[in-house]
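Here's the structure we're looking at; comments come further down.
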Amino acid sequence: MKKHSARVAPLSACNSPVLTLTKVEGEERPRDSPGPAEAQAPAGAEAGGRGSRRCWTCSRAQLKKVFWGVAVVLCVCASWAGSTQLAKQTFRKFDAPFTLTWFATNWNFLFFPLYYAGHVCKSAEKQSVKQRYRECCRFFGDNGLTLKVFFTKAAPFGVLWTLTNYLYLHAIKKINTTDVSVLFCCNKAFVFLLSWIVLRDRFMGVRIVAAILAIAGIVMMTYADGFHSHSVIGIALVVGSASMSALYKVLFKLLLGSAKFGEAALFLSILGVFNILFITCIPVILYFTKVEYWSSFADIPWGNLCGFSVLLLTFNIVLNFGIAVTYPTLMSLGIVLSVPVNAVVDHYTSQIVFNGVRVIAIIIIGLGFLLLLLPEEWDVWLIKLLTRLKVRKKEEAVEGGADLGSGPQSKNRRGRPSFAR
């Protein structure tokens, strides 16, 4: 995959192409008329050697991509679970979820500078910051990033980003991190439903089943705690966060399409600028109305706030730009793998009860998430695989029958006495 031509959508972990082997070219036939078998053997061996070398090169490239995929999965899992746990600890000292959301979103401004630093280090044709900025601004249209484009194509996504993170963090205050992380996995089901309705994406029965499983898991998770008001509010907040995330992804695809790496980095930096310019007033209002109040700035756990922001920034960087080194499906696995990590931490640090209903709900939502990772052509590939297995089994049966048929004849030949002297 060429880095310059790759296109991504910010905060998206879409279904990805499945690992496929590259075809190895067949042996080259000589242009001259066929000669003796002795003359053809070296040519065939040489062509076979070239084919095997190419196959080995393809295998090494794919193994490298899988290796990077494992590293990306671990990074996504660690950053997502770590940010969730650190947010939970932060609220014990600093009860201000919206202020924490605002503070962490400001760090989005670093996306484009970090991307440009990578461009300078890796690209053969280096451009100035101004040139690179102008080239990435073409993503917004021929006129680039105008004031009208800023308010019509960037500001709505800034609001959705803030709502997604605020609802998620507010839910962490109400319920345990295990329930929050597993319920947020339902956003992939919501993305499918919205894409099917709004974008007219292809209907897939298996994804409808996954969406049903996600909804059933939400209901079971609510039932696990006995429909207490605290639990119901927390679950509603997570579902709202997952819905905002799904709306963000679908609207991005509808209004802006797909973006190259530089364009995605610029877009996310613009969201940070929007947050600084227009959202800053809200934490100030919440402070003076004592909705989110702290006695002095010295009491703010700056280490926790900066740690949470760094982990969230790392998560978004890896999730958006990890496609350059591995498969998007592997990146998505990191999100669902954060659930057991949070469960282990909650088991030792909180009073969570893993009753049968909660465990079944977690499994159902996780299964639905994995079903949504299946590519669109999964049924075609499954049929091809079953057909190949069936053909291979028939060939083995025919070979076995041929061996059995030739067995008695060879035995009779060996049993006949020879009268030749």
Side-chain angles (χ1 to χ4, degrees), residues 11 13 76-92 94-98 100-101 104-105 161-191 213-246 248 304 307-309 311-312 315-316 319 332-355 357-369:
L11 264 187
V76 169
C77 178
S79 58
W80 187 238
S83 62
T84 302
Q85 292 296 331
L86 195 55
K88 188 79 171 179
Q89 290 184 7
T90 304
F91 291 143
R92 295 170 185 169
F94 183 69
D95 189 10
F98 194 91
L100 181 58
T101 301
T105 306
W161 181 288
T162 302
L163 285 174
T164 299
N165 289 287
Y166 170 68
L167 293 173
Y168 185 87
L169 292 175
H170 198 66
I172 292 175
K173 286 179 54 183
K174 302 289 184 182
I175 56 179
N176 58 75
T177 56
T178 304
D179 293 353
V180 172
S181 58
V182 73
L183 287 168
F184 190 77
C185 289
C186 295
N187 79 316
K188 206 163 185 64
F190 299 156
V191 169
L213 289 174
I215 295 169
I218 293 170
V219 175
M220 292 184 70
M221 192 67 74
T222 309
Y223 178 75
D225 287 330
F227 293 98
H228 297 301
S229 59
H230 223 59
S231 175
V232 172
I233 292 171
I235 290 171
L237 289 170
V238 186
V239 173
S241 175
S243 303
M244 293 297 105
S245 174
Y248 174 100
N304 286 10
F308 170 78
S309 302
L311 286 172
L312 195 61
F315 170 78
N316 286 317
L319 198 64
S332 299
L333 287 175
I335 299 173
V336 74
L337 288 177
S338 68
V339 176
V341 174
N342 285 319
V344 171
V345 175
D346 284 346
H347 177 71
Y348 289 103
T349 60
S350 65
Q351 298 178 349
I352 185 173
V353 178
F354 287 100
N355 53 30
V357 177
R358 175 174 272 109
V359 172
I360 293 172
I362 292 172
I363 293 172
I364 285 176
I365 294 175
L367 180 61
F369 186 91

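Along the sequence shown, the residues carry numbers beginning at 1. Just the heavy atoms: all of them, side chains too, but no hydrogens, waters or symmetry mates, feed the values below.
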(message) Do Thr178 and Asp346 pair up side chain to side chain, a donor and an acceptor below 3.5 Å, judged on atom types alone?
(response) yes
(message) Would you compute the distance between atom CG of Leu367 and atom CD1 of Ile360 and round it to the nearest 0.5 angstrom?
(response) 13.0 Å
(message) Pair Ile335, Cys185 - check side-chain contact (heavy atoms from CB on, under 4.5 Å), show working.
(response) CA-CA 7 Å; Ile335 299 173; Cys185 289; 4.2 Å; yes
(request) Taking the side chain as every heavy atom from C-beta outward, state whether Phe369 and Leu213 have any pair of such atoms under 4.5 Å apart. (result) no
(request) Please confirm whether the backbone N or O of Ala246 pairs with a side-chain atom of Asn187, one donor and one acceptor, at under 3.5 Å? (result) no
(request) For residues Leu100 and Ala87, report the shortest heavy-atom separation together with the two atoms involved. (result) CD2-CB, 4.4 Å
(message) Quick one, Thr164 and Phe184 - any side-chain contact, counting heavy atoms below 4.5 Å?
(response) yes
(message) If you compare all heavy atoms of Ile175 against all heavy atoms of Asp179, which two are closest, and at what distance to 0.1 Å?
(response) CD1-CB, 4.0 Å
(request) Flag the pair Asn316 / Trp161 as yes when at least one side-chain heavy-atom distance between them is below 4.5 Å, and no otherwise. (result) yes
(message) Among residues at least two apart in sequence or on other chains, which ones pass ring-ring contact (aromatic ring centres under 6.0 Å, His included) with Phe91?
(response) none
(request) Could you grab the distance from atom CZ of Phe190 to atom CE of Met244, nearest 0.5 Å is fine? (result) 10.5 Å
(request) Apply side-chain contact (heavy atoms from CB on, under 4.5 Å) to the pair Asn176 and Arg358, showing each step before the final yes or no. (result) CA-CA 12 Å; Asn176 58 75; Arg358 175 174 272 109; 4.0 Å; yes
(request) For Gln85 and Asn342, test the side chains for any donor-to-acceptor distance below 3.5 angstrom and give the result as yes or no. (result) yes
(message) Between Met221 and Ser231, is there a side-chain heavy-atom distance shorter than 4.5 Å?
(response) no
(request) Look only at the side chain of Ser241 and the backbone of Leu237, and say whether a donor-acceptor pair between them is shorter than 3.5 Å. (result) no
(request) Flag the pair Val345 / Lys88 as yes when at least one side-chain heavy-atom distance between them is below 4.5 Å, and no otherwise. (result) no
(request) Go through the steps to decide whether Asn304 and Phe94 satisfy the test side-chain contact (heavy atoms from CB on, under 4.5 Å), and finish with yes or no. (result) CA-CA 10 Å; Asn304 286 10; Phe94 183 69; over 6 Å; no
(message) Give me the atom names and distance for the closest heavy-atom approach of Met220 to Val357.
(response) O-CG1, 3.3 Å
(message) Would you compute the distance between atom CD of Gln89 and atom CD1 of Ile172 and round it to the nearest 0.5 angstrom?
(response) 11.5 Å
(message) Side chains of Leu183 and Ile218, heavy atoms from C-beta outward: is any pair under 4.5 Å?
(response) yes
(message) To check you understand the geometry: which heavy-atom pair defines the closest contact between Ala104 and Leu312, and what is its length?
(response) CB-CD2, 4.1 Å
(request) Tell me, please, which residues at least two apart from Lys174 pass salt bridge (charged side-chain N to carboxylate O under 4.0 Å, His left out). (result) none
(message) For Cys186 versus Ile365, what's the shortest heavy-atom pair and its separation?
(response) SG-CG2, 3.9 Å
(message) Val341 vs Leu337, test: side-chain contact (heavy atoms from CB on, under 4.5 Å). Steps then yes/no.
(response) CA-CA 7 Å; Val341 174; Leu337 288 177; 5.9 Å; no
(request) Classify the angle between the aromatic ring planes of Trp80 and Tyr168 as parallel (below 30°), tilted (30 to 60°) or perpendicular (above 60°). (result) tilted
(message) If you compare all heavy atoms of Ser338 against all heavy atoms of Ala81, which two are closest, and at what distance to 0.1 Å?
(response) CB-CB, 4.0 Å
(request) Determine yes or no for a side-chain-to-main-chain donor-acceptor pair under 3.5 angstrom, with Lys173 supplying the side chain and Pro97 the backbone. (result) no
(request) Find the distance between OG (Ser309) and CG (Leu86) and round it off to the nearest 0.5 Å. (result) 9.0 Å
(message) Measuring from atom OG1 of Thr101 to atom CG of Leu167, what distance do you get when rounded to the nearest 0.5 angstrom?
(response) 8.5 Å
